[in-house]
Amino acid sequence: MKLIKNLALSATVAGAVFALSSCNSENSAYEPLYELTFEEVDFNDEGYWADCYDPATGDYVSGTFAFSHSAWADVWDGVSYPAWNGFCPSKVNDNENHAGEWTDYQWGCMPANPYNGFYLVGNSEATVSDDPLDNDKCSLRMTNYGAFNPKYLYVTNSSYTYYCAKNGSDFNPAFTVDDNLMLHVVGVRYGAVTGHLKFPLISSMMFLTQWAFITLDPLGTVDEVLFYVDSTQKNSYGLTIPAYFCITNFGFNLPSEEESL
């Protein structure tokens, strides 16, 4: 039978770890094929990854998985502004509205208590291509580029995006019943799309504020998963709403020999 692994995100006093959780029962669908080494995350005093703005850091790697991450600095009128996209580990427990100060508070999720105390903030990109393969700023893959079967994960709204949508901002009006914010999850195998899922984070004035379970079975066997958000609120330059979302507890299993071909 296929063996499913649960890549759980949990917090510790020293930091946070990715771990495979499993049951030992022979009848259980959750049995370990191998163990992942626990890896601590260096969090800063604000509760997010201390290396988020370090251009030399590259992807966030935990065990056998790599979560894309890039950092750089934009310079305007001689002033340098740090920037990033991809995924950033966070244990921020602040879901308050920080209007006008979001640059300093962009690493929160809407649930007051993070699921298992640790999650990833995704920041895709304002520009959204009609070709899903071009929307690759937030990606998940195995470090050996091997195949895997995504099974499920939990998603929720970033507090940054939630409040900008709820109340409006300097760049976008408040959402109306006609607006939406969709999380796209795209399976990729050998450079081709294996499946494309769309999950509403905001729709018809319904705002997701809890962790929601979504199944990833339709993606099939992949060697990469892409994540990005799209919205009705955009202009010729791209989204006017922040392209942020949050995920945790990614479940997967390894494909059979036939599926790996």
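These numbers come from the heavy atoms of this one structure, side chains and all, not from hydrogens, waters or symmetry mates. Here the structure is a predicted model, which is why all the values come from computation and not from measurement.
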Inset, instruction - Check whether any side-chain N or O of E101 sits under 3.5 Å from a backbone N or O of H98 as a donor-acceptor pair, and report yes or no. - result: no
Legend entry - Ring geometry between W84 and Y244 (parallel below 30°, tilted from 30 to 60°, perpendicular above 60°): perpendicular
Inset, instruction - Treat each ILVMFWY residue as a node, draw an edge where side-chain heavy atoms are under 4.5 Å apart, and state whether F213 and M110 are in one component. - result: yes
Legend entry - Verdict with supporting geometry, F118 and V41, side chain to side chain contact (heavy atoms under 4.5 Å, CB included): CA-CA 10 Å; F118 179 53; V41 176; 3.8 Å; yes
Legend entry - Contact summary for E125 and V128, nearest pair of heavy atoms: O-CG2, 4.0 Å
Inset, instruction - Answer with yes or no after comparing the ring centroid distance for F148 and F65 against a 6.0 Å cut-off, counting only values under it. - result: yes
Inset, instruction - Show your reasoning for whether side chain to side chain contact (heavy atoms under 4.5 Å, CB included) applies to V229 and L181. - result: CA-CA 7 Å; V229 295; L181 177 73; 4.1 Å; yes
Inset, instruction - Identify the heavy atoms of D179 and A174 that sit nearest to each other, and give their distance. - result: OD2-O, 4.3 Å
Inset, instruction - Give a yes or no on whether the ring-centroid distance for Y154 and Y119 is below 6.0 angstrom. - result: no
Inset, instruction - Could you tell me whether M206 atom CE has more than 12 heavy atoms of other residues or ligands within 6.0 Å of it? - result: no
Inset, instruction - Measure across N180 and S231 and return the closest heavy-atom pair with its distance rounded to 0.1 Å. - result: O-OG, 2.8 Å
Legend entry - Residues R141 and D59 bridged, charged N to O under 4.0 Å: yes
Legend entry - Between D217 and T215: side-chain donor-acceptor atoms closer than 3.5 Å: yes
Inset, instruction - Taking N44 for its side chain and G47 for its backbone only, find out whether a donor-acceptor pair lies under 3.5 Å. - result: yes
Legend entry - Euclidean distance, K198 NZ relative to L183 CG, rounded to 0.5 Å: 12.0 Å
Inset, instruction - Could you grab the distance from atom CD1 of I241 to atom CZ of F171, nearest 0.5 Å is fine? - result: 11.5 Å
Inset, instruction - Please report the closest heavy-atom contact between N157 and L201, naming both atoms and the distance. - result: ND2-O, 2.9 Å
Legend entry - Co-membership, hydrophobic cluster, residues L197 and F87, 4.5 Å side-chain: yes
Legend entry - Value rounded to 0.5 Å, distance of NE2 in H69 from SG in C52: 4.5 Å
Inset, instruction - Decide whether S169 and N172 meet the rule of one side-chain donor and one side-chain acceptor closer than 3.5 Å. - result: yes
Inset, instruction - First locate atom CG of L219, then atom CZ of F252, and finally report the distance between them rounded to the nearest 0.5 Å. - result: 15.0 Å
Inset, instruction - Step through it carefully: locate the ring centre of F43, locate the ring centre of Y48, and say whether they are under 6.0 Å apart. - result: no
Legend entry - Reference residue Y162; test ring-ring contact (aromatic ring centres under 6.0 Å, His included); the match among F207, F175, W102: F207
Legend entry - Evaluation steps, side chain to side chain donor-acceptor pair (under 3.5 Å), between N149 and T221: CA-CA 5 Å; N149 294 328; T221 300; 2.7 Å; yes
Inset, instruction - Could you tell me whether the side chains of W76 and D74 share a donor-acceptor contact shorter than 3.5 Å? - result: no
Legend entry - Same apolar cluster: L216 and M142, side chain cutoff 4.5 Å: yes
Inset, instruction - To the nearest 0.5 angstrom, please state how far the SG atom of C164 sits from the CG atom of D170. - result: 9.0 Å
Legend entry - Derivation of the side chain to side chain contact (heavy atoms under 4.5 Å, CB included) call for L133 and V188: CA-CA 8 Å; L133 294 175; V188 182; 3.7 Å; yes
Legend entry - Between N123 and N85: side-chain donor-acceptor atoms closer than 3.5 Å: no
Inset, instruction - Mind listing the closest non-hydrogen atom pair of T232 and D178 along with its distance? - result: CG2-O, 4.0 Å
Inset, instruction - Hey, could you give me the CG/CG distance between D223 and N144, rounded to the nearest 0.5 Å? - result: 10.5 Å
Legend entry - Y237 atom OH: more than 12 heavy-atom contacts under 6.0 Å: no
Legend entry - Y228 six-ring face occupied by K137 cation (under 6.0 Å, within 45°): no
Inset, instruction - Just do the side chain to side chain contact (heavy atoms under 4.5 Å, CB included) check on D230 and L239 with the steps written out, would you? - result: CA-CA 7 Å; D230 199 0; L239 302 181; 3.6 Å; yes
Legend entry - For S90 against V121, the heavy-atom pair lying closest together: CB-CG2, 4.0 Å
Inset, instruction - May I ask you to check whether Y105 and Y160 place their ring centres under 6.0 Å from each other? - result: no
Legend entry - Cluster overlap Y145 with F250, hydrophobic side-chain contacts below 4.5 Å: no
Legend entry - hydrophobic_cluster_shared for V185 and V193, side chain cutoff 4.5 Å: yes
